[in-house]
Amino acid sequence: MKDKFTGTILQSDALAQYILETSAYPREHEQLKELRMATVDKYQWWSMMNVTADEGQFISLFLKMMNAKKTIEVGVFTGYSLLTTALALPHDGKIIAIDPNREAYETGLPFIQKANMAHKIQFIQSDAFKVMEQLKANGEEGTFDFAFVDADKQNYIHYHEQLLKLVMVGGIIAYDNTLWSGTVAASDDDEMAEYLRRVRTDIMQLNTFLAADSRIELAQLSIGDGLTLCRRVK
């Protein structure tokens, strides 16, 4: 059994590694692998901020099933999920990618360019709320097929309100880290790293909020660190 509240939410680290090595890594695009390794080399422990390869594999398949063409990504880091999305979209697909940290994005940019996917991406170094307000002002409400959020957890609910206006009816908003290393099911008295404890309440509030939101259909998946899919219905 694994140690409490570390990395994978599966029952053992070995099981998580099995999934990666058996199903995800053999199918991983070469530039995704290169981006993943470059992120580990530069950011070490913080490389876990990118989605896992198996979660990326799921997102890619899901986007293709949706026939998604226009997406928005809030929180980019070095761009593993961004490149995953770009590879899944058609040649004329478009991604608005928002992050205040350009340095991290530029770590992954050479691999995005090498994969010939840069033309699909509009990276905006900014606060996400400002960009979303501008998109609405530009008449882009209800025009996005898919939104992916992997950013500051305390603002997830606020992002939700904005993204519900930008994503079309029938479109999907995906929230990453919604099981937060399993701490959402922990007791307040359980020992855990301070960074986990600090954000745990925000994630729990989000999960409760989404479960009660009649504007969406909901599925919470135990993949990666927890991925919640919200389909806008009104």
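Note that the structure is a prediction, hence the values are computed from the model and not measured.
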Practice prompt. Could you check if a side-chain atom of Phe58 sits within less than 4.5 angstrom of a side-chain atom of Glu55, using non-hydrogen atoms only?
Written response: no
Worksheet item: Taking the side chain as C-beta and beyond, is there a heavy-atom pair between Ile216 and Leu210 under 4.5 Å?
Response: yes
Testing the 3.5 Å rule here: is there a donor-acceptor pair between the side chains of [X] and [Y]?
X: Tyr175; Y: Asp150; value: no
X: Thr39; Y: Ser47; value: no
X: Asn138; Y: Gln134; value: yes
X: Ser23; Y: Asp54; value: no
X: Lys94; Y: Thr71; value: no

Practice prompt. Could you tell me which residues satisfy salt bridge (Lys or Arg N to Asp or Glu O under 4.0 Å) with Lys120, sequence neighbours excluded, listed by chain and number?
Written response: none
Worksheet entry | Residues which pass salt bridge (Lys or Arg N to Asp or Glu O under 4.0 Å) with Lys165, listed by chain and number, not counting sequence neighbours | none
Worksheet item: Quick one: do Lys114 and Glu30 make a salt bridge, cutoff under 4.0 Å?
Response: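 Here Lys114 does not pair with Glu30 in a salt bridge, since their nearest N and O are not under 4.0 Å apart.
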Fill in: Presence of salt bridge, Arg36 and Glu28, under 4.0 angstrom
yes
Item to complete: Please work out whether the ring planes of Tyr159 and Tyr156 are parallel, tilted or perpendicular, with thresholds of 30° and 60°.
Response: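 Ring orientation, 0 to 90° scale: tilted.
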Practice prompt. Kindly assign one of parallel, tilted or perpendicular to the pair His119 and His91, based on the angle between their ring planes and the thresholds 30° and 60°.
Written response: tilted
Practice prompt. Can you sort out the partners of Asp188 under side-chain hydrogen bond (donor to acceptor under 3.5 Å, both in side chains), two or more places apart, ordered by chain and number?
Written response: Arg200
Worksheet item: Between atom CG of Asp176 and atom CG of Asn50, what is the distance when rounded to the nearest 0.5 Å?
Response: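 Answer for the CG-CG pair, Asp176 versus Asn50, is 9.5 Å.
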Worksheet entry | Any donor-acceptor pair under 3.5 Å from Asp99 side chain to Val76 backbone |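 Answer holds: yes.
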